[in-house]
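Data block below; observations after.
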Amino acid sequence: MEILQLKENGLILKRGRVVTSPVFRYLSDTIILDKGFRLISFFRVIKLYPELEQLSDILSTLLSMAFQSGEPNIKTDEIDHLIFFKTISMKGFPGDPGIDIYNSLKGIKQEKSVGLKFFQMDSLLAQKLVLGKLKHIIFGDSQDTFSYETFYTLFELIEGICWEMAFNFNPKQCVLRR
C-alpha cells in the first residue's frame, strides 16, 4: 500500500519526496496527515496541486472562500477539532437490506460530534483536522456502533470535504448561535 503524507503547508510527500504533477495518479493512495494539519492545509493542497480542482465543481468556490482573507486567525470555540471519518451502515427491515458507505466531516467538542452546517467556513479553517476510525452502524441502532481502524485515500478526502463543505454557504447574517 502506497502512503502519501499531507503536510500542513500543502505539500504532498511520497516516500519522503515531494509529489509533482500529474497528481491524479496518486488519488487512490492512502493518506496520513501531519500533526499540525488543519482545514486550511487541505485547501493549501488543492492550491499547490491545481489539477485537483477538476474533481469537484465546488472546489474553486471553496478555494476562493478559504483564501479570501489571508491566513485564518478565527477559530470557533464551539468545537475542539475536526474529524474526517468513514461510516458503514447496514440497513434492513423494513425494505431491502443493504449497506451504505460514506465519509463525513464533523466537529468534535468534548468527545461529542458536532454538525458543521451552521458554521461559517472562515471559523473552521484554523481547526485541526484528523482522520478518524471507521464507524460501523448495524441496522440504524446507534447503540450497536463499532469503531475500527481504517485508511483513507486522497480522493476520499477531497470528495468528502467538498461534499460536507457544500452545505456551509449560509450568509453570516442568517447564522443563529446559542
Side-chain angles (χ1 to χ4, degrees), residues 1-76 79-88 100-108 111 113-114 116 119-136 146-168:
M1 182 180 325
E2 296 291 337
I3 296 177
L4 298 177
Q5 181 182 13
L6 277 59
K7 304 290 284 177
E8 199 278 331
N9 64 4
L11 288 174
I12 301 174
L13 302 180
K14 184 171 185 170
R15 292 188 213 128
R17 293 189 159 148
V18 175
V19 166
T20 59
S21 291
V23 75
F24 284 138
R25 62 183 160 196
Y26 304 108
L27 288 175
S28 63
D29 287 359
T30 299
I31 59 167
I32 58 172
L33 306 178
D34 260 4
K35 287 187 181 200
F37 201 87
R38 301 175 293 156
L39 185 58
I40 191 65
S41 306
F42 167 79
F43 291 109
R44 288 177 180 150
V45 168
I46 306 303
K47 190 173 183 179
L48 285 174
Y49 301 91
E51 66 208 66
L52 294 175
E53 281 186 61
Q54 298 174 43
L55 294 175
S56 174
D57 291 337
I58 197 169
L59 252 174
S60 59
T61 302
L62 291 174
L63 258 179
S64 65
M65 291 172 66
F67 292 107
Q68 71 184 350
S69 43
E71 185 65 23
N73 54 10
I74 300 170
K75 189 174 178 183
T76 180
I79 59 176
D80 299 326
H81 65 276
L82 300 172
I83 187 167
F84 185 80
F85 62 95
K86 192 179 299 188
T87 302
I88 295 178
D100 291 330
I101 303 171
Y102 54 92
N103 294 306
S104 300
L105 178 68
K106 301 285 183 203
I108 297 293
E111 299 185 32
S113 180
V114 177
L116 301 177
F119 287 89
Q120 294 296 309
M121 187 165 60
D122 60 354
S123 70
L124 301 174
L125 293 170
Q127 294 289 343
K128 182 178 180 179
L129 176 62
V130 298
L131 299 175
K133 292 183 175 186
L134 176 143
K135 292 184 180 187
H136 186 187
F146 301 96
S147 296
Y148 303 97
E149 291 295 327
T150 191
F151 67 90
Y152 298 91
T153 66
L154 180 58
F155 178 78
E156 285 178 309
L157 183 71
I158 294 168
E159 188 275 334
I161 289 180
C162 288
W163 171 258
E164 292 288 343
M165 295 309 295
F167 298 100
N168 288 62

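Under the salt bridge (charged side-chain N to carboxylate O under 4.0 Å, His left out) criterion, no residue pair touches residues 48-67, with sequence neighbours excluded. Residue pairs meeting the salt bridge (charged side-chain N to carboxylate O under 4.0 Å, His left out) criterion with at least one partner in residues 22-34, sequence neighbours excluded, are Lys7-Asp34, Lys14-Asp29.
For Tyr49, there are no ring-ring contact (aromatic ring centres under 6.0 Å, His included) partners, not counting sequence neighbours. Residues that satisfy the side-chain contact (heavy atoms from CB on, under 4.5 Å) test with Ile32, not counting sequence neighbours, are Ile3, Gln5. Applying the side-chain contact (heavy atoms from CB on, under 4.5 Å) criterion to Thr150, with sequence neighbours excluded, gives Lys86, Leu134, Tyr152. Residues passing the side-chain hydrogen bond (donor to acceptor under 3.5 Å, both in side chains) test with Arg15 are Glu2, sequence neighbours excluded. Under the side-chain contact (heavy atoms from CB on, under 4.5 Å) criterion, Ser56 pairs with Ile58, Leu59, Cys162, not counting sequence neighbours.
The closest donor-acceptor contact from the side chain of Glu156 to the backbone of Thr153 lies under 3.5 Å. When atom types are taken as modelled, the side chain of Ser41 and the backbone of Glu8 share a donor-acceptor pair closer than 3.5 angstrom.
Side-chain contact between Leu82 and Leu116 is present, with at least one heavy-atom pair separated by less than 4.5 Å. With contacts defined as side-chain heavy-atom distances shorter than 4.5 Å, the pair Leu154/Ile12 qualifies. For the pair Leu39 and Met165, the minimum side-chain heavy-atom distance is below 4.5 Å. For the pair Ile158 and Leu52, the minimum side-chain heavy-atom distance is below 4.5 Å. Residues Phe84 and Leu33 form no side-chain contact, since every pair of their non-hydrogen atoms from C-beta on lies 4.5 Å or further apart. Between Ile161 and Asn103, the closest side-chain pair of non-hydrogen atoms is not below 4.5 Å.
Lys128 contributes atom NZ, which lies 11.5 Å from atom CG of Asp80 (distance to the nearest 0.5 angstrom). Note that the NE2 atom of His81 and the CZ atom of Phe37 stand 14.5 Å from one another [nearest 0.5 Å]. To the nearest 0.5 angstrom, Ile40 atom CD1 is 12.5 Å from Gln127 atom CD. In this structure, OG in Ser28 is found 9.0 Å from CG in Leu4, a value given to the nearest 0.5 Å. Leu157 contributes atom CG, which lies 11.0 Å from atom CG of Leu27 (distance to the nearest 0.5 angstrom). Remark: Leu105 CG to Ile83 CD1 distance equals 9.5 Å, nearest 0.5 Å.
Annotation for Ile31 and Leu6: closest pair CG2-CD1, 3.6 Å, computed over non-hydrogen atoms. In terms of heavy atoms, Lys133 sits closest to Glu149 at CE-OE2, 2.9 Å. When all heavy atoms are compared, the tightest approach of Pro22 to Tyr26 is O-CE1, 3.9 Å.
Atom CZ of Phe24 has more than 12 heavy atoms from other residues, nucleotides or ligands within 6.0 Å.
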Checklist entry - Between Leu124 and Ile79, is a side-chain contact (heavy atoms from CB on, under 4.5 Å) present by the stated rule, with each step listed? => result CA-CA 9 Å; Leu124 301 174; Ile79 59 176; 3.6 Å; yes

Next on the checklist: What verdict does the side-chain contact (heavy atoms from CB on, under 4.5 Å) test give for Leu125 and Phe43, after you've listed the backbone C-alpha separation in whole Å, the side-chain angles of each residue and the deciding distance to 0.1 Å?
Outcome noted: CA-CA 9 Å; Leu125 293 170; Phe43 291 109; 3.8 Å; yes

Checklist entry - For Arg44 and Arg38, what are the C-alpha separation, side-chain angles and deciding distance, and is it a side-chain contact (heavy atoms from CB on, under 4.5 Å)? => result CA-CA 10 Å; Arg44 288 177 180 150; Arg38 301 175 293 156; 3.5 Å; yes

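With a 6.0 Å cutoff to the six-membered ring centre and a 45° limit on the axis angle, Lys135 counts as a cation-pi contact of Phe85.
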